[in-house]
Amino acid sequence: MEKVTVKQIFRETESFLDKEIQVSGWVRTVRDSKTFGFVEMNDGSFFKNLQIVFDNSLANFDEIIKYTISSAIIVTGTLVESPGSKQPFELKATGIELEGNSDPEYPLQKKRHTFEFLRTIAHLRPRSNTFSAVFRVRSLAAYAIHRFFQERGFVYVHTPIITGSDCEGAGEMFRVTTLDLNHPPRDEKGQIDFSADFFGRSTNLTVSGQLAVETYCMAFRNVYTFGPTFRAENSNTPRHAAEFWMIEPEMAFADLNADMELAEEMIKYIIDDCLANAPEEMEFFNSFIDNGLFDRLINIVNSDFAHITYTEAIEILKKENAGFDYPVDWGKDLQTEHERFLTEKVFKKPVFVTDYPKTIKAFYMRLNDDDKTVAAMDLLVPGVGEIIGGSQREERLNVLERRMAELGLIKEDYWWYLDLRKYGGTRHAGFGLGFERMIMYLTGMTNIRDVISFPRTTGAAEF
RNA sequence: UCCUCGAUAGCUCUAUGGUAGAGCACACGGCUGUUAACCGGGUGGUUGUUGGUUCGAGUCCAACUCGGGGAGCCA
């Protein structure tokens, strides 16, 4: 007898109709009557459940009607067209075996739970509809991202998780150490002596693979990283986690315009791919999580992203004067309320904001001819805000060294980074995409804790 | 870190300062095509913790703990 998955049954129904098959999975609910009953079963291969019909001709009928939610079962039977309107077919069971019982205290009920409660049972929540859909889409989106870059000849580079450079400059870092924290070795000044540490120096978890991937960019032309990053920021919001995944492409012989073209193409590719390959999940999100989701995503795919410079953005915001809590002034960074106003009220679609003042951006961003702004871009999207930050990098050694000096950075710490400008440096550009923020945008989920399997946030690392 | 809201049965939530409640889950009974099945009766409580006000506190006050939302920072 052929063992099949629920996904196969849904995708190739014709080849299984009126045939005897075997399926296995977990009970979602049992509805029983005096002489017959229904088991709703999910086998993990597919978002939707399979309805199984059984009656008291089965020897273990009395046990089956008592199966608890999430019991593991193996079912044999014939796939038939269903008289019910809620499903096209059902499995008429000739045998149902209990593989593993589920304790009656199983905490997931059939009714709705709050996401807050489900976070406390992060080991069980993938069995719920919402999380089944979220993590299936997360997997597909990751694959789509790899395919997008691989199809374009980008080389996937694994940059280190443990980094010896304490100069990535993207936020607070987690220290990595094997020193005895109760009795750390001290130098003559009484400072902790990290030369006695495992790596012979102070090390941290990476906050960005960008500087490292730039080195491979100068060898492979077009490259990308896709891996975990860590920020020890004490920020407690629905959009921040201490451990999250980031995609960072980097292109040689490319300027800021090419960078933005790549970002726009990538966003559209991921959306298209998930709509095509996870239609049931996306339908679920549109119906139960975010009613405007399809309209928004289709609008993104079909529209050209807007482009404005930071200076133009400031002019628009000053003219609109929409009662902002924070003042709008050239030289100050855009606040969340300003970003959302631009993308949600002014443009009503994704918008690239470019050419920020050099004083509010990182040292490696390429200085524009006006000597005041840098070739940086942020992509703002309705609902989420900033989803991508990128720039053309400063390839001119003397300008880069001058910028570092202005910001008080020590040249010797960046010796290998500066070497790239000495040995055949070229224009190059890249960006960073927060993977979880992309998933939030794709699914309509509003809390980052609900798109990471086991989220790590300030004060929370259960599981 | 700051501001703000919240914490009552396993879950989701009601309860004017005066007897602790419902739906779901769970166990039991009923029902010949159910659809988060339905119907019946049943089990289930240190009201987050500590202290205070009061004849009397789930309810009012204070601190703490945990959680949500907003802000800062960012992806």
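So you know, we letter chains A, B, ... as the sequences are listed, proteins then strands, and number each from 1.
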Do [X] and [N] have a side chain to base donor-acceptor pair shorter than 3.5 Å?
X      : N     : value
A:D32  : B:C31 : yes
A:E233 : B:U1  : no
A:Q109 : B:U12 : no
A:E40  : B:U35 : no

[X] side chain: which of [options] is closest?
X      : options             : result
A:P238 : B:C74, B:U34, B:G69 : B:G69
A:E339 : B:G67, B:A27, B:C74 : B:C74
A:E116 : B:C26, B:G68, B:G10 : B:G68

Would you say [X] places a side-chain N or O within less than 4.0 Å of OP1 or OP2 belonging to [N]?
X      : N     : answer
A:R449 : B:G68 : yes
A:R119 : B:G68 : yes
A:T237 : B:G72 : no
A:S33  : B:U34 : no
A:T336 : B:G72 : yes
A:N447 : B:G69 : yes
A:Q335 : B:G72 : yes
A:R31  : B:A37 : yes
A:K86  : B:U35 : no

Give one of base, sugar-phosphate or nothing for [X], where a contact means two heavy atoms less than 4.0 Å apart.
X      : value
A:F36  : sugar-phosphate
A:L108 : nothing
A:H240 : base
A:Q87  : base
A:T29  : sugar-phosphate
A:P83  : base
A:E90  : base
A:T120 : nothing

When the [atom1] atoms of [N] and [M] are considered, how many whole Å apart are they?
N     : M     : atom1 : result
B:A71 : B:U14 : P     : 26 Å
B:C26 : B:U12 : C1'   : 16 Å
B:A57 : B:U46 : C1'   : 15 Å
B:G30 : B:G42 : C1'   : 15 Å
B:U4  : B:C55 : P     : 32 Å
B:C13 : B:G48 : P     : 15 Å
B:U16 : B:G21 : P     : 13 Å
B:A27 : B:G70 : C1'   : 45 Å

Ring centers of [X], [Y] separated by less than 6.0 Å:
X      : Y      : result
A:H338 : A:Y326 : no
A:F89  : A:F10  : yes
A:F435 : A:F244 : no
A:F305 : A:F347 : no
A:F226 : A:Y156 : no

key: A:Y106 vs A:F38, nearer the 5' end of RNA chain B by closest nucleotide   = A:Y106
query = Between A:K66 and A:D333, which has a closest nucleotide on RNA chain B that is more 5'?
reply =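 So the residue in question is A:K66.
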Partner lookup for [N], please. Criteria are Watson-Crick or G-U wobble with both distances under 3.5 angstrom; report none if nothing qualifies.
N     : value
B:G18 : B:C55
B:C24 : B:G10
B:A62 : B:U50
B:C2  : B:G70

Find the distance [X]:[atom1] to [N]:[atom2] and express it as a whole number of Å.
X      : N     : atom1 : atom2 : value
A:H338 : B:C73 : NE2   : P     : 11 Å
A:R340 : B:A71 : CZ    : C1'   : 13 Å
A:Q210 : B:C74 : CD    : C1'   : 14 Å
A:N236 : B:G68 : CG    : P     : 7 Å
A:E63  : B:A27 : CD    : C1'   : 17 Å
A:F115 : B:G67 : CZ    : C1'   : 16 Å
A:E105 : B:U43 : CD    : C1'   : 13 Å
A:R28  : B:A25 : CZ    : P     : 16 Å

inquiry  = For a quick test of reading the model, state the closest non-hydrogen atom pair linking A:S102 to A:S70 and the distance between them.
reply    = CB-C, 3.6 Å
Given A:N368, A:N257, A:D255, the one that forms side chain to side chain contact (heavy atoms under 4.5 Å, CB included) with A:Q392 =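 It is A:D255, the one option of A:N368, A:N257, A:D255 that forms the side chain to side chain contact (heavy atoms under 4.5 Å, CB included) with A:Q392.
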query = Can A:H428 and A:E395 be counted as having a side-chain donor-acceptor contact under 3.5 angstrom?
reply =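 Short answer, no.
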message = Less than 3.5 Å apart, any donor N or O on the side chain of A:T336 or A:R340 sitting next to an acceptor on the other?
response = no
